[in-house]
Amino acid sequence: MSDETTTTTPPADAPIEPAAGDAESLHHLEQQRRDNRDAVRALGVDPYGARTPGLMSLGDALSAYDQAADEANQASVAAQKQAKKDGAGEDDLPPIADDRPRVKVSGRVVLHRDNGKLVWINLRDDSAESFQVAVSKRDCEEIGFGVAKATDLGDVIAAEGPLMRTKTGEITVWAESVRPLSKCLVPPPEKRAGLSDVETRYRQRYVDLWATPDSMRVFKLRSRLIAAMRRFLDERGFIEVETPMLQTQAGGAAARPFLTHMNALDIDLSLRIAPELYLKRLLVGGMRKVYEINRNFRNEGLDKQHNPEFTVVELYEACGDMTSVCDITEDLIRALAGVAAEAQAIEGLTLPFGELNIDYGSPFERIRYAELFEREVGFPMTDTEKVRAKANELGLKTKDDRGNDFDDILVINEVFEAVAEPAIDPAKPTFVTHYPASLSPLTRPNPDDPTIADRADLFIGGMEVGPHYTELNDPDIQESKFREQLAGIDDEESTFRTFDADFIRALKVGMPPAGGMGLGIDRLVMLLCDQRTIRDVVLFPQMRPER
RNA sequence: GGGGGCGUAGCUCAGUCGGUAGAGCAGUGGACUUUUAAUCCAUUGGUCGGGGGUUCGAGUCCCUCCGCCCCUACCA
């Protein structure tokens with residue numbers, strides 16, 4: 001294509017053009033970027049860079065600036081200039097003092113201002129949104145200056161030089177050398193507005209992350225929150241484990257699983273819908289406190305609170321109960337709120353979530369199911385006639401698909417979900433405790449009242465964040481509950497309900513009494529990062545394939 | 001599943017009553033050694049999501065398909 005490319009390094013990749021079609025079919029913006037890439041090759045450097053030791057993050061480089069050294073340097077430069085003006089000979093000139101820290105940095109080019117003999121470039125990485133590099137024809141070596149001239153927005157480059165402040169006070173690397181690290185052949189988003197088309201943001205997260213600083217901020221905070229969660233649980237003696245994601249029967253929840261097939265054993269497998277039954281087996285095995293942070297998969301609808309794969313922390317504490325795990329959750333979430341507050345430079349533990357200001361600092365509300373029902377609906381849930389009347393008044397479902405009346409408790413729960421649940425103050429994290437036993441088949445009944453299950457659901461910001469249980473550890477009761485669940489449901493549903501005989505066998509071996517909880521981490525991150533949709537806290541949310 | 005909205009240059013968007021497509025940024029050429037969304041001069045760039053229809057004429061109206069978003073329904 002061009003003669004000079006034959007002299008560049010490495011020669012092998014110089015003349016390569018895209019596999020699909022000739023240059024004519026390329027978008028002109030991409031062609032111009034390819035031309036700039038050729039210009040870099042013509043300088044004798046590989047536009048795709050190489051190992052670059054000694055790099056500092058942009059954030060670290062910003063804090064490495066030394067004002068005293070910078071001022072001393074400026075003063076000595078001025079002094080020498082003055083001496084020259086006063087006619088001092090070369091030998092009499094005062095020496096230039098330069099103790100300015102020198103840094104080597106790299107980043108994505110987000111701004112590029114070419115002033116002719118002086119090129120200003122702003123870099124971005126995951127530690128700083130903007131870091132300025134000045135490339136002067138006088139002070140930078142020749143190749144580096146050429147690279148700076150041929151740089152496009154979106155390229156990745158490295159620069160090295162002393163740290164100084166410009167006239168306007170911006171900390172800057174006054175580059176002595178510049179090297180390319182990678183070429184951006186795809187025209188980047190608008191430099192100021194960034195990427196705002198949500199579809200492109202989800203499909204091309206690799207652009208979104210560097211072009212949209214908020215996006216990077218959220219995912220960095222997500223990472224910090226999960227790290228803090230591990231630290232919190234590890235400090236309290238919990239053991240982190242990984243249990244099967246591929247299961248012969250997907251148990252531990254009632255949800256539609258994804259199905260697949262294993263060739264070697266010729267068996268059908270499901271992606272797990274919950275780790276619960278395996279974690280309980282570990283309690284049987286003698287782990288006193290276990291947790292797992294991992295993905296669950298549910299083959300159901302997707303909306304702004306549901307992604308088909310979602311991250312959950314599930315935790316079990318031997319010899320604990322619903323209340324003890326609620327306490328752990330409350331302490332954990334308060335600790336995470338502290339991490340989120342610090343990261344967002346917020347004083348205190350009240351964090352914004354859309355219009356809400358959610359108070360994580362005060363003790364979480366705890367209210368019994370029956371109490372909340374009566375408070376919000378106006379009469380006790382035991383008054384089943386009134387409950388049914390209310391359900392009809394609200395137009396709620398009171399019959400199953402075959403036309404049979406729902407059990408009282410199902411109608412009660414319909415009314416509860418329609419009236420009581422929405423009345424929970426979304427700005428106050430709230431545990432709803434003591435659910436009706438028949439709604440929670442895997443939960444141990446309350447010792448004083450067997451119609452009540454020791455289960456508590458945590459609500460924050462109008463979202464269900466996770467359940468807390470006193471776990472059932474009597475194998476005979478568990479077995480009959482499994483059977484009850486399987487009875488009287490239609491064929492389609494029964495496909496997704498399981499009777500896990502090995503789990504019963506494990507309980508027969510003896511599981512200590514236990515408290516267990518599960519938290520939807522994506523939803524928790526939404527709350528703590530003030531993001532209204534799960535797609536903004538999942539790096540690659542599920543999308544329909546592009547065509 | 002039902003309802004509503006959106007899709008126009010690489011990006012962010014405007015486009016009136018149906019009259020033959022615009023801006024800013026980016027890009028290209030030129031000037032410029034302390035700029036800050038650099039500035040100044042000149043300038044390229046479009047299958048208006050795809051297909052069909054109505055019309056003398058469609059970005060605009062109708063049908064259909066694709067994709068995304070919101071509401072609603074379903075969902076431990």
Mind listing the closest non-hydrogen atom pair of A:Leu62 and A:Ser130 along with its distance? CD1-O, 4.3 Å

Determine the minimum heavy-atom distance between A:Gly354 and A:Asp530, stating which atoms define it. N-OD1, 2.7 Å

Output yes when at least one side-chain N/O atom of [X] is less than 4.0 Å from OP1 or OP2 of [N], else no.
X: A:Lys191; N: B:rA37; answer: no
X: A:Asn299; N: B:rC75; answer: no
X: A:Ser136; N: B:rU33; answer: no

Rounded to whole angstrom units, what separation is found between the [atom1] atom of [X] and the [atom2] atom of [N]?
X: A:Phe310; N: B:rA76; atom1: CZ; atom2: C1'; result: 10 Å
X: A:Met164; N: B:rU33; atom1: CE; atom2: P; result: 16 Å
X: A:Asp114; N: B:rG29; atom1: CG; atom2: C1'; result: 13 Å
X: A:Arg201; N: B:rC6; atom1: CZ; atom2: C1'; result: 17 Å
X: A:Asp152; N: B:rC11; atom1: CG; atom2: C1'; result: 15 Å
X: A:Leu111; N: B:rC25; atom1: CG; atom2: C1'; result: 12 Å
X: A:Trp120; N: B:rU35; atom1: CH2; atom2: P; result: 7 Å
X: A:Leu118; N: B:rU35; atom1: CG; atom2: P; result: 9 Å

Gap in Å between the two [atom1] atoms, one belonging to [N] and one to [M], rounded:
N: B:rG50; M: B:rG59; atom1: C1'; answer: 15 Å
N: B:rA58; M: B:rG18; atom1: C1'; answer: 6 Å
N: B:rG51; M: B:rG7; atom1: C1'; answer: 16 Å
N: B:rG1; M: B:rC65; atom1: P; answer: 12 Å
N: B:rG22; M: B:rU8; atom1: C1'; answer: 10 Å
N: B:rG29; M: B:rU44; atom1: P; answer: 14 Å
N: B:rC71; M: B:rC25; atom1: C1'; answer: 34 Å
N: B:rU43; M: B:rG24; atom1: P; answer: 13 Å

With sequence neighbours left out, the residues meeting salt bridge (Lys or Arg N to Asp or Glu O under 4.0 Å) with A:Arg124 are none

Side-chain donor/acceptor contact of A:Glu170 with base of B:rU35 under 3.5 Å: no

Check if the side chain of A:Thr166 and the base of B:rU35 share a donor-acceptor pair of N or O atoms closer than 3.5 Å. yes

If each of A:Lys137 and A:His28 is mapped to the nucleotide of RNA chain B with the nearest heavy atom, which maps nearer the 5' terminus, i.e. the 5' end? A:Lys137

Of A:Lys149 and A:Arg113, whose closest RNA chain B nucleotide lies nearer the 5' terminus? A:Lys149

Ignoring the backbone of A:Gln32, work out which of B:rG27, B:rU34, B:rU35 is nearest its side chain. B:rG27

State which of B:rU12, B:rU28, B:rU34 makes the closest approach to the side chain of A:Asn36. B:rU28

Taking the side chain from A:Asp208 and the backbone from A:Thr200, do they hold a donor-acceptor pair closer than 3.5 Å? no

Does A:His306 offer a backbone N or O that forms a donor-acceptor pair with the side chain of A:Arg523 under 3.5 Å? no

Interface polar pairs with nucleotides 68-74 of chain B, N/O, under 3.5 angstrom:
from: B:rC68; atom 1: OP1; to: A:Arg544; atom 2: N; distance (Å): 3.1
from: B:rC68; atom 1: OP2; to: A:Arg544; atom 2: NE; distance (Å): 3.2
from: B:rC68; atom 1: O4'; to: A:Glu199; atom 2: OE1; distance (Å): 2.9
from: B:rC69; atom 1: OP1; to: A:Arg535; atom 2: NE; distance (Å): 3.3
from: B:rC71; atom 1: OP1; to: A:Lys304; atom 2: NZ; distance (Å): 2.9

With a non-hydrogen cut-off below 4.0 angstrom, is A:Leu153 in contact with a base, only sugar-phosphate, or nothing? sugar-phosphate

Mind checking A:Glu464 for me? I need base, sugar-phosphate or nothing, with any heavy atom below 4.0 Å counting as a touch. nothing

May I ask you to establish whether A:Arg455 and A:Tyr435 are in a cation-pi arrangement, using a distance under 6.0 Å from NZ or CZ to the six-membered ring centre and at most 45° from the ring axis? yes

Mark yes or no: A:Arg532 above the aromatic ring of A:Phe353, with NZ or CZ under 6.0 Å from the six-membered ring centre and no more than 45 degrees from the axis. yes

Stem segments of RNA chain B by first residue number [Watson-Crick or G-U, under 3.5 Å, at least 3]: B:1-7 with B:66-72, B:10-13 with B:22-25, B:27-31 with B:39-43, B:49-53 with B:61-65

Given A:Asp155, which partner from the list A:Arg37, A:Lys183, A:Arg108 fulfils the salt bridge (charged side-chain N to carboxylate O under 4.0 Å, His left out) test? A:Lys183

Before giving the answer on side chain to side chain contact (heavy atoms under 4.5 Å, CB included), spell out for A:Ile412 and A:Tyr369 the whole-Å C-alpha distance, their side-chain angles and the decisive distance to 0.1 Å. CA-CA 11 Å; A:Ile412 290 169; A:Tyr369 183 99; 4.1 Å; yes

Intermediate values then yes/no, salt bridge (charged side-chain N to carboxylate O under 4.0 Å, His left out), A:Lys280 and A:Asp500: CA-CA 13 Å; A:Lys280 285 180 174 172; A:Asp500 190 333; over 6 Å; no

Which distance, rounded to the nearest 0.5 Å, do you find between the NE2 of A:His434 and the CZ of A:Arg368? 4.0 Å

